Amino acid sequence: EVHVVESGGGLVQAGGSLRLTCVASGFTDDDYNIGWFRQAPEKEREGVAVINIRDGSAYYADSVLYRFGVSSDSDKSTVYLQMNNLKPGDTGVYYCAASPWKTLVPDTYMTWGQGTQVTVSS
């Protein structure tokens with residue numbers, strides 16, 4: 001069974017930084033993708049960033065480009081989302097998820113973590 005578990009959320013002031021962690025397990029090879037998503041109250045879930053575990057390539061939503069970075073450990077079991085220069089609009093529940101496809105479309109992801117709250121105060 002494939003599982004992902006995210007952690008690291010919290011309360012931070014605007015302009016601050018936070019790093020989220022996603023621990024993956026149950027994969028039989030490294031040809032998969034870990035996506036980061038967020039959902040603000042009364043808004044649809046949106047893609048933030050995605051990384052391919054095999055080659056480390058990543059891309060980002062325009063709203064976080066140059067502020068957020070996604071990376072993985074050398075053992076390929078842990079993925080990080082480094083969030084810098086945070087804004088109040090970044091507030092929401094953040095999820096990591098696993099997919100065979102490298103997309104920012106939530107419906108393409110089969111396995112989801114439980115979510116971790118990120119709150120950015122002004």
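Being a predicted model, the structure only gives us computed values, none of them experimental. Residue indices begin at 1 and follow the sequence shown.
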S.K.: Measure the shortest side-chain to side-chain distance between Asn85 and Tyr66 over non-hydrogen atoms and say whether it is less than 4.5 angstrom.
M.R.: no
S.K.: Within a reach of under 6.0 Å around CG of Asp62, are more than 12 heavy atoms found that belong to other residues, nucleotides or ligands?
M.R.: no
S.K.: Should Thr78 and Thr21 be marked as a side chain to side chain contact (heavy atoms under 4.5 Å, CB included) after you check the CA-CA gap, both sets of side-chain angles, and the distance that decides it?
M.R.: CA-CA 7 Å; Thr78 305; Thr21 299; 3.5 Å; yes
S.K.: How many angstroms lie between CG in Asn52 and OG in Ser57, if you round to the nearest 0.5 Å?
M.R.: 4.5 Å
S.K.: With rounding to the nearest 0.5 angstrom, report the CG to OG distance, Asp30 to Ser77.
M.R.: 12.0 Å
S.K.: Using the rule that two of Ile, Leu, Val, Met, Phe, Trp, Tyr join whenever any of their side-chain heavy atoms come within less than 4.5 Å, decide whether Leu104 and Leu81 are in one cluster.
M.R.: no
S.K.: Please report the closest heavy-atom contact between Leu18 and Gly8, naming both atoms and the distance.
M.R.: CG-O, 3.7 Å
S.K.: Got Thr103 and Val50 here, is their nearest side-chain heavy-atom distance under 4.5 Å?
M.R.: no
S.K.: Might you point out which heavy atoms bring Val4 and Ala24 nearest each other, and give the distance in Å?
M.R.: CG1-CB, 4.0 Å
S.K.: For Ser122 versus Ala14, what's the shortest heavy-atom pair and its separation?
M.R.: CA-CB, 4.3 Å
S.K.: Report whether Leu65 and Tyr59 are members of the same hydrophobic cluster (ILVMFWY, side-chain heavy atoms less than 4.5 Å apart, transitive linking).
M.R.: no
S.K.: Tell me the ring pair (Phe, Tyr, Trp, His ring centres under 6.0 Å) pairs involving residues 84-122, sequence neighbours left out?
M.R.: Phe37-Tyr109, Phe37-Trp112
S.K.: Report the distance from atom CD1 of Ile34 to atom CD1 of Ile51, rounding to the nearest 0.5 Å.
M.R.: 9.0 Å
S.K.: Taking the side chain as every heavy atom from C-beta outward, state whether Asp73 and Tyr80 have any pair of such atoms under 4.5 Å apart.
M.R.: yes
S.K.: Please check this pair: side chain of Asn33 against backbone of Pro100, looking for a donor-acceptor N/O pair closer than 3.5 Å.
M.R.: yes
S.K.: Nearest 0.5 Å, please: how far is OG in Ser72 from CD1 in Ile53?
M.R.: 5.0 Å
S.K.: Hey, what do you get for CD (Glu6) to OG1 (Thr116), rounding to the nearest 0.5 Å?
M.R.: 7.0 Å
S.K.: Can you name the closest pair of heavy atoms from Arg38 and Asp90 and give their distance?
M.R.: NH1-OD1, 2.8 Å
S.K.: Is the backbone of Ala98 close enough, under 3.5 Å, to the side chain of Thr111 for a donor and an acceptor to pair up by distance?
M.R.: no
S.K.: Apply ring-ring contact (aromatic ring centres under 6.0 Å, His included) to Tyr32 and list each qualifying residue two or more places apart in sequence or on a separate chain.
M.R.: Phe27
S.K.: Side chains of Thr91 and Gln117: does their closest heavy-atom pair fall under 4.5 Å?
M.R.: yes
S.K.: Apply the test side chain to side chain contact (heavy atoms under 4.5 Å, CB included) to residues Leu20 and Val118: give CA-CA distance (whole Å), side-chain angles for both, the deciding distance (0.1 Å), then the verdict.
M.R.: CA-CA 9 Å; Leu20 306 183; Val118 172; 4.1 Å; yes
S.K.: How long is the span from the OG atom in Ser17 to the CZ atom in Arg67, to the nearest 0.5 Å?
M.R.: 10.0 Å
